[in-house]
Amino acid sequence: MHDVSTTREGEQSTPQPTRGTFVAPTDRLITAPFVVVTLSALAFFMYIGTLLPLIPLYIESETIGGTEFDIGLNVAAFAVAAVLARPILGRLANRFGRRVIIVAGTLMAASSGFGMSQVESLLPLLGLRALTGIGEAAVFVGAATLIADLSPRDRRAEGASYFSVAIFTGLGLGPVFGEWLLDDTRFERTFIAAALFALLAGCIGLFAPARVVSPDTQTGRGVEHDDDPDRQGLRKYVHPAAVLPGTVLALGVGGLTTFFLFVPQYSRDLGLSSSSGLFLVYALVSVLIRIFGATLPERLGPRRMVTIALVAFAIGLLAVATIDEVWVLWFAALLIGVGAAFNYPSLNALTVNRVGDRDRAVAISSFTMFFEIGSAVSGITVGQLAEVVGKQHAFYGGVVMVLLGLYVLRVHVVPPGAPDGGPTRPA
């Protein structure tokens with residue numbers, strides 16, 4: 001994609017775009033590349049969402065014959081592979097462009113989906129889940145970096161909110177589609193259908209720009225210099241600005257993962273025919289908040305927004321852990337949707353606004369790595385807890401993670417009086 005920039009009197013001149021580069025408007029958020037990236041993410045997370053109930057049910061099916069701990073291992077395999085890949089992906093995105101890693105990630109994920117349709121034992125399934133994790137990491141780093149590149153500085157949380165509508169629509173509608181197509185026994189065709197969503201995401205991703213001249217570059221409003229431009233060792237691959245916000249993200253995702261992992265089977269234990277309705281409620285709540293409340297992150301500030309998210313997670317998980325009634329599952333799904341809507345956009349914008357253009361891809365790859373860290377820790381620890389105390393009481397493990405995240409947020413990430421902890425736009 002090639003665009004020609006214009007300059008107004010008094011503005012800095014825009015760098016001349018090279019082939020495959022898009023010059024982002026400084027006064028507009030929604031552009032054709034923004035829509036393309038968002039649609040590609042929607043198709044890809046339909047693939048991820050379709051697998052959410054499918055994998056746990058397949059592991060516990062007669063074919064695999066696995067346990068709750070094996071379900072946790074599946075999450076860990078996905079997450080560890082993605083964590084290890086992300087630091088490298090940030091540097092690859094800088095070198096080869098965002099579009100390349102998006103398309104490559106979708107192809108890896110699609111091949112994994114097709115492969116899972118043919119395996120009948122746990123070990124190869126875990127290997128394919130690891131490949132899916134690398135593919136997901138590539139798509140997320142490429143797409144999230146492009147969205148940040150395209151967004152004006154004071155609208156980055158809003159941009160992340162709109163982008164995450166695609167993510168959470170896929171994560172919400174994918175399970176509904178997957179359970180409908182599965183019909184409890186037809187695993188092979190459901191894995192194949194999921195893989196086709198990943199291929200569709202790759203086809204759409206071909207129309208995304210490889211690189212973007214960001215609004216920060218054109219207006220000079222970005223962070224000009226890194227505090228430590230010659231970082232060595234681990235700091236070279238994991239950006240320091242992402243560590244504390246990422247820790248809060250990981251702990252919130254740990255609570256969310258607990259819900260995703262054990263609700264499919266636990267809802268059946270309580271008498272529901274499937275968990276698809278619960279995922280649909282969660283997704284609808286999250287998507288509606290992100291669409292109609294997209295400006296809330298900048299109006300409330302990250303300290304208040306993320307606090308609301310983590311408290312909603314905690315109440316929902318605590319309710320499921322203590323009350324074994326079907327209505328509680330619906331109540332929890334609603335609160336989990338609220339938490340999911342509020343958690344990511346503010347933390348993402350906080351991270352991106354603390355770095356300059358040069359470090360954006362590495363910072364986002366570092367920050368989003370904590371999605372998988374949270375999933376892996378939750379999968380292993382809460383999965384083991386479920387083996388000991390049962391699925392219902394395992395939700396307490398998610399509560400503990402979320403409350404720890406609340407402490408880190410309010411004491412270390414945006415303590416009282418933090419200059420970037422409050423609103424950046426008028427209420």
Side-chain angles (χ1 to χ4, degrees), residues 52 72 75 164 168 171-172 244-264 266-267 270 275 278-279 281-286 289-290 293 296-297 300-348 350 370-371 373-386 389-416 421:
L52 280 176
V75 175
S164 62
F168 285 94
L171 292 178
L244 284 175
T247 299
V248 176
L249 179 72
L251 292 164
V253 167
L256 185 63
T257 300
T258 303
F259 185 81
F260 282 166
L261 278 182
F262 298 114
V263 155
Y266 180 60
S267 62
L270 291 185
S275 61
L278 299 171
F279 282 104
V281 167
Y282 142 79
L284 285 174
V285 170
S286 182
I289 290 174
R290 287 172 187 264
L296 283 175
L300 295 179
R303 181 177 169 85
R304 280 189 284 179
M305 281 292 292
V306 182
T307 295
I308 294 170
L310 296 176
V311 170
F313 280 148
I315 294 173
L317 293 169
L318 185 62
V320 176
T322 53
I323 306 173
D324 55 350
E325 298 285 347
V326 170
W327 68 266
V328 173
L329 295 177
W330 297 104
F331 171 71
L334 187 151
L335 287 177
I336 295 296
V338 172
F342 286 175
N343 195 42
Y344 164 74
S346 291
L347 290 170
N348 178 76
L350 192 70
F370 285 88
F371 273 108
I373 291 175
S375 296
V377 172
S378 177
I380 293 173
T381 59
V382 182
Q384 186 63 55
L385 181 63
V389 301
K391 287 185 177 69
Q392 181 184 7
H393 293 128
F395 289 100
Y396 283 121
V399 175
V400 172
M401 295 182 73
V402 169
L403 293 178
L404 181 58
L406 189 61
Y407 166 79
V408 175
L409 170 76
R410 297 181 69 85
V411 174
H412 297 289
V413 179
V414 278

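Computed from a predicted model, the values in this text were never measured in an experiment.
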Taking atom [atom1] of [X] and atom [atom2] of [Y], what is their separation to the nearest 0.5 Å?
X    : Y    : atom1 : atom2 : value
H393 : T322 : NE2   : OG1   : 8.5 Å
L347 : L244 : CG    : CG    : 11.0 Å
L350 : L249 : CG    : CG    : 11.5 Å
H412 : T247 : NE2   : OG1   : 10.0 Å
L409 : T307 : CG    : OG1   : 5.0 Å
E325 : F331 : CD    : CZ    : 14.0 Å

**Partner set under ring-ring contact (aromatic ring centres under 6.0 Å, His included) for F370, not counting sequence neighbours** =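 Applying ring-ring contact (aromatic ring centres under 6.0 Å, His included) to F370 gives none.
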Taking all non-hydrogen atoms of both residues, which atom of [X] and which atom of [Y] are closest, and how far apart?
X    : Y    : answer
A312 : V338 : CB-CG1, 4.1 Å
S346 : V306 : CB-CG2, 3.9 Å
V320 : A332 : CG2-CB, 3.3 Å
L278 : S267 : CD1-CB, 4.0 Å
P345 : R290 : CG-NH1, 3.3 Å
L317 : V402 : CD1-CG2, 4.3 Å

**Item:** From V253, V408, L404, residue fulfilling side-chain contact (heavy atoms from CB on, under 4.5 Å) relative to V248
**Value:**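 Only one of V253, V408, L404 forms a side-chain contact (heavy atoms from CB on, under 4.5 Å) with V248, namely V408.
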Flag the pair [X] / [Y] as yes when at least one side-chain heavy-atom distance between them is below 4.5 Å, and no otherwise.
X    : Y    : answer
D324 : Y266 : yes
V377 : L251 : no
F259 : F313 : no
W330 : V326 : yes

**Request:** Hey, can you tell me if Y282 and F279 have their rings parallel, tilted or perpendicular (30° and 60° cut-offs)?
**Result:**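 Ring orientation, 0 to 90° scale: perpendicular.
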**Parallel, tilted or perpendicular: ring planes of F395 versus F262, cut at 30 and 60 degrees** =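 Ring orientation of F395 relative to F262: perpendicular.
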**Asked** Quick one: does S378's side chain have a donor or acceptor within less than 3.5 Å of a partner on G374's backbone?
**Response**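 No, the answer is negative, given that no donor and acceptor are paired below the 3.5 Å cut-off.
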**Asked** Hey, mind stepping through L261 and V382 against side chain to side chain contact (heavy atoms under 4.5 Å, CB included) and telling me if it holds?
**Response** CA-CA 9 Å; L261 278 182; V382 182; 5.9 Å; no
